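Here the structure is a predicted model, which means the values were calculated and not measured.
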Amino acid sequence: MANHKLGRITEDVKRELTAIFRELKDPRVNACFLSIVRVEVTNDLSYCTVYVSALEGMDAAKAAVKGLKSAAGYIRRELGHRLRLRHVPELIFTPTDSIEYSAEISRILNSLDIPKDEEEPDETDNAE
């Protein structure tokens, strides 16, 4: 039962953080395409680690994390109002390069020259 509640709270936090990030006016956050990759909430709901990635790369993600850390108090207050939690976890923002990494893998896969297989004839057509 506790794991189900923790999972639900984690998804709710991720959904609300996404909405709150859109409303922030900090140019470090708005200047890049920011995505929340993963949210981890501790069992006692005291800490919430938010992994943030930017399409522009790791440098943009680090700059966005600085902006998010400076707005952490506002974000935490808004999260408390929207989710109506008794105890709102302390937010820890961590930059990651997962979007850039997956985009690079996609570019590599698209650049491969793989010949397409010809369709095999049906066996029913060869029956005599």
Point to revise | V13 vs C48 side-chain heavy atoms within contact, under 4.5 Å | key: yes
Practice item. State, with a plain yes or no, whether a side-chain heavy atom of L6 is found less than 4.5 Å away from one of V41. Key: yes
Review point. With a 4.5 Å limit on heavy-atom distance, are the side chains of V37 and V52 in contact?
Key: no
Practice item. Give, for atom NZ of K5 and atom CG of D12, the distance between the pair rounded to the nearest 0.5 Å. Key: 11.5 Å
Review point. Quick one: does E40's side chain get under 4.5 Å of T10's, heavy atoms only?
Key: no
Practice item. Decide side-chain contact (heavy atoms from CB on, under 4.5 Å) for D26 and S70; before the verdict, give the C-alpha distance in whole Å, the side-chain angles of both, and the deciding distance to 0.1 Å. Key: CA-CA 9 Å; D26 192 329; S70 69; 3.7 Å; yes
**Study point:** From T96 atom OG1 to Y51 atom OH, the distance as rounded to the nearest 0.5 Å
**Key:** 8.5 Å
Exercise for review: Run the numbers on F21 and E16 for side-chain contact (heavy atoms from CB on, under 4.5 Å), then give the verdict.
Suggested key: CA-CA 9 Å; F21 283 6; E16 292 301 328; over 6 Å; no
Exercise for review: Check whether any side-chain heavy atom of T49 sits under 4.5 Å from a side-chain heavy atom of F93, and report yes or no.
Suggested key: no
Exercise for review: Please confirm whether the backbone N or O of S102 pairs with a side-chain atom of S106, one donor and one acceptor, at under 3.5 Å?
Suggested key: no
Review point. Between atom CD of E23 and atom CD1 of I75, what is the distance when rounded to the nearest 0.5 Å?
Key: 10.5 Å
Point to revise | R8/E11 salt bridge by N-O under 4.0 Å criterion | key: no
**Study point:** L45 side, atom CG; I9 side, atom CD1 - distance, nearest 0.5 Å
**Key:** 4.5 Å
Review point. Hey, what do you get for OG (S46) to CD (E90), rounding to the nearest 0.5 Å?
Key: 8.0 Å
**Study point:** Min side-chain heavy-atom separation M58-Y101 under 4.5 Å
**Key:** no
Review point. Using a distance-only test with no angle check, is there a side-chain donor-acceptor pair under 3.5 angstrom linking R38 and S98?
Key: no
**Study point:** Side chains of L79 and L85 in contact at under 4.5 Å (non-hydrogen atoms)
**Key:** no
Point to revise | Nearest-0.5 Å distance that lies between atom CG in L55 and atom CG in D97 | key: 12.0 Å
Check your understanding: Distance-only, no hydrogens or angles: does the R76 side chain make a donor-acceptor pair with backbone N or O of L91 under 3.5 Å?
Key -> no
Review point. Going by the salt bridge (charged side-chain N to carboxylate O under 4.0 Å, His left out) test, which pairs reach into residues 49-74, not counting sequence neighbours?
Key: none
Review point. Going by an N to O cut-off under 4.0 Å, is there a salt bridge joining R82 and E78?
Key: yes
Exercise for review: Could you work out the complete set of other residues in the hydrophobic cluster of Y47, with links drawn between I, L, V, M, F, W and Y side chains under 4.5 Å apart?
Suggested key: I92
Exercise for review: Could you check if a side-chain atom of V50 sits within less than 4.5 angstrom of a side-chain atom of I36, using non-hydrogen atoms only?
Suggested key: yes
